[in-house]
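Notes follow the structure.
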Amino acid sequence: MIPLLSVVVPFYNVEPYITECLKSLAAQTLDDLEVILVDDGSVDGSRRVAEDFVARDERFVLIGQRNLGPGPARNQGIRQARGTYLAFADSDDVVPPEAYERLVGKLAETGSDLACGAVRRLVDGELEESILHEKVFRRPQLCTHITDKQVLIRDRTVWNKVYRRDFWERCGLRFPAGIYEDVPVAMQAHVLATSVDMVGEVVYHWRKREEGGTSITQRRSELPNLQERLAAIRAVRAFLDERAPELLDGFDALVLEKDTLFLFQALERCEEDPEPLLELGRAWQAELGPHVLATAPSLRRLELHLLGRGLVDELRTVREFRRGREDVTRVVPRGRRVANWYGDYPFFRDRRLRIPDEVFDARDELKLIARVDSCERAGAAYRLRGHVAIHRVDRKIPKVGLWLSDGRRRIPLETRRKGRYGVVAAIDPERLEGGGPWRLQVRAEMRGLVLKGWCRDGEANTAWRFSVPGWSRSGMDMPQ
């Protein structure tokens with residue numbers, strides 16, 4: 001009988017890990033599946049483990065090829081696949097028991113071309129957040145698309161997904177040879193899909209191998225590895241430029257945030273002539289859009305500036321500075337009445353290197369922090385206590401204004417300062433009759449910098465709201 005789902009698992013010299021991976025596939029709550037194991041020329045005991053699973057479970061199939069890499073191995077497995085749906089798993093990772101049932105269930109419900117879910121990193125037997133996938137699956141959504149949900153530009157792995165096989169074949173998707181074969185395919189699938197389902201549950205455990213291993217992840221700072229990473233970046237950018245140019249800035253920003261780290265790490269560890277790495281770094285920067293380079297965070301701009309000038313020792317100093325900061329790096333003003341705001345990084349005050357001020361410019365990175373800590377009855381009024389500061393600026397704000405707004409009226413509040421960041425204000429409920437619920441807005445001004453925002457409710461991310469007890473537009477009491 002034709003299985004509902006085909007799972008393709010390429011493997012190469014993963015004897016310490018493959019058993020746990022295959023056990024997780026055998027234990028799936030969706031049991032109508034086949035697991036196609038592709039031996040990519042292993043020379044350790046991985047194949048024996050695979051043969052044992054094939055002998056015990058008729059859903060497991062083993063095929064082999066000479067060592068060509070994970071991309072060709074996956075393509076070989078796809079040619080053998082018979083399922084209505086298609087999935088991939090790496091042989092050193094683990095798939096949670098209900099993952100495929102959830103993903104296939106969503107596709108059956110919606111008719112979308114692919115479904116994707118959250119990822120956790122498996123580190124020394126414990127699960128941690130996957131930094132690569134952070135922020136992607138906080139808000140699940142069905143029948144969406146990467147051009148509408150652009151956070152999906154960060155979802156560039158193939159193994160946290162289930163695809164409709166007819167979609168895969170219709171689009172002619174195929175893995176290229178090389179190390180980073182999955183990134184171009186994952187992006188192509190997202191763009192070519194008619195619709196995509198995002199589930200909030202964790203559907204994949206991505207293993208971080210122990211130090212000293214030989215996985216691709218651990219060789220990512222080697223020059224050939226970095227060259228292949230750049231080739232994958234170029235392939236994705238060429239595809240996006242043709243099919244979805246509105247995604248290019250988001251992709252470039254992700255490359256600057258994540259991929260460039262490995263280039264910096266290679267330069268930090270380099271004990272030989274760094275020029276091949278520097279040349280690669282310049283080529284890397286040349287691929288990215290000028291807007292993204294100009295709007296990169298200031299500390300990253302400094303790193304890129306030093307890389308572009310070949311200042312390896314200075315780059316190492318900045319990288320050590322970044323790692324050594326236990327708190328956030330300060331932003332400081334420079335100027336008399338109207339100041340510019342700069343990151344207080346190494347070489348900021350070093351005129352010898354002649355680094356332009358705009359490299360350190362951090363004005364756009366400043367954010368207002370405003371929260372209400374308490375609001376209590378005090379006689380006929382309410383006493384509000386809060387906290388107002390500017391993230392990364394370790395200074396008292398000279399001018400702070402507060403007012404209540406319900407979208408129609410704005411009621412200014414008399415505000416007193418208490419300590420470095422505290423604010424106290426009185427609310428007269430008689431002034432608020434006939435309106436509400438009210439939100440609290442704040443305006444902060446310092447050295448020509450003006451920031452506005454809504455006050456949060458304590459440490460929560462929600463806006464603080466105030467309603468006059470005993471009155472509401474609906475006639476229902478809305479107590480505090």
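Residue numbers count from 1 along this sequence. As a basis for the values below, the full set of heavy atoms in this structure was taken, side chains included, without hydrogen atoms, waters or symmetry mates.
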In terms of heavy-atom contacts, does [atom1] of [X] have more than 12 from other residues, nucleotides or ligands at under 6.0 Å?
| X | atom1 | result |
| --- | --- | --- |
| R56 | CZ | yes |
| R309 | CZ | yes |
| D124 | CG | no |
| E246 | CD | yes |
| R66 | CZ | no |
| K367 | NZ | no |
| E169 | CD | yes |

Presence of salt bridge, [Y] and [X], under 4.0 angstrom:
| X | Y | value |
| --- | --- | --- |
| D252 | R237 | yes |
| K161 | D182 | no |
| R316 | E320 | no |
| R59 | D57 | yes |
| R322 | E303 | yes |

Fit a plane to each ring of W159 and W206, take the angle between them on a 0 to 90° scale, and name the class: parallel (under 30°), tilted (30 to 60°) or perpendicular (over 60°). tilted
Hey, is the main chain of [Y] close enough, under 3.5 Å, to the side chain of [X] for a donor-acceptor pair?
| X | Y | answer |
| --- | --- | --- |
| Q188 | L240 | no |
| S42 | N13 | yes |
| N160 | C116 | no |
| S195 | C143 | no |
| R371 | E459 | no |
| H145 | Q150 | no |
| D93 | R207 | yes |
| R301 | E358 | yes |
| D197 | V199 | no |
| S91 | V9 | no |

After noting the C-alpha distance and the side-chain angles of M198 and L152, does the key distance pass the side chain to side chain contact (heavy atoms under 4.5 Å, CB included) rule? CA-CA 9 Å; M198 302 170 63; L152 285 171; 3.9 Å; yes
Nearest-0.5 Å distance, [atom1] of residue [X] to [atom2] of residue [Y]:
| X | Y | atom1 | atom2 | value |
| --- | --- | --- | --- | --- |
| L37 | F11 | CG | CZ | 6.0 Å |
| I233 | E228 | CD1 | CD | 12.0 Å |
| S130 | F137 | OG | CZ | 9.5 Å |
| I369 | R456 | CD1 | CZ | 7.0 Å |
| E275 | C270 | CD | SG | 10.5 Å |
| N75 | R174 | CG | CZ | 4.0 Å |

Validation row: [X], [Y] side chains within 4.5 angstrom (heavy atoms):
| X | Y | answer |
| --- | --- | --- |
| E365 | H391 | no |
| L107 | S112 | yes |
| V202 | V119 | no |
| T295 | D249 | no |
| Q28 | L5 | no |
| V61 | Q80 | no |
| T329 | R392 | yes |
| T157 | H133 | yes |

Looking only at heavy atoms, which two atoms of [X] and [Y] are closest? And how far apart?
| X | Y | result |
| --- | --- | --- |
| S298 | F360 | CB-O, 3.8 Å |
| L86 | A81 | CD1-CB, 4.1 Å |
| S467 | P437 | OG-CB, 3.3 Å |
| R82 | E34 | N-OE2, 2.7 Å |
| P3 | D32 | CA-OD1, 3.5 Å |
| L226 | L280 | CB-CD2, 3.5 Å |

Steps toward side chain to side chain contact (heavy atoms under 4.5 Å, CB included) verdict (W284, R229): CA-CA 10 Å; W284 204 306; R229 185 182 287 269; 3.5 Å; yes
Quick one: which of Y204, W168, Y100 gives a ring pair (Phe, Tyr, Trp, His ring centres under 6.0 Å) with F88?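 Answer after filtering Y204, W168, Y100: W168.
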For E257, run the salt bridge (Lys or Arg N to Asp or Glu O under 4.0 Å) check against R300, K135, R154 and tell me which one passes.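 By the salt bridge (Lys or Arg N to Asp or Glu O under 4.0 Å) criterion, E257 pairs with just one of R300, K135, R154: R154.
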One pair to check against side chain to side chain contact (heavy atoms under 4.5 Å, CB included): L306 and L302. What are the steps and the verdict? CA-CA 6 Å; L306 297 173; L302 176 58; 4.2 Å; yes
For a salt bridge (charged side-chain N to carboxylate O under 4.0 Å, His left out) check, start with the C-alpha distance between D113 and R170, then their side-chain angles and the critical distance, and finish with the verdict. CA-CA 11 Å; D113 290 321; R170 184 172 66 252; 3.7 Å; yes
Between [X] and [Y]: side-chain donor-acceptor atoms closer than 3.5 Å:
| X | Y | answer |
| --- | --- | --- |
| D40 | Q65 | yes |
| H205 | S24 | no |
| Q285 | R282 | no |

Check the pair K106 / E201 against salt bridge (charged side-chain N to carboxylate O under 4.0 Å, His left out), numbers first and verdict last. CA-CA 12 Å; K106 290 302 179 186; E201 294 86 2; over 6 Å; no
Please confirm whether R74 makes a cation-pi placement over F175, using NZ or CZ under 6.0 Å from the six-membered ring centre and within 45° of the ring normal. yes
Go through F264 and L307 one step at a time and tell me if the side chain to side chain contact (heavy atoms under 4.5 Å, CB included) criterion holds. CA-CA 8 Å; F264 294 150; L307 182 151; 3.5 Å; yes
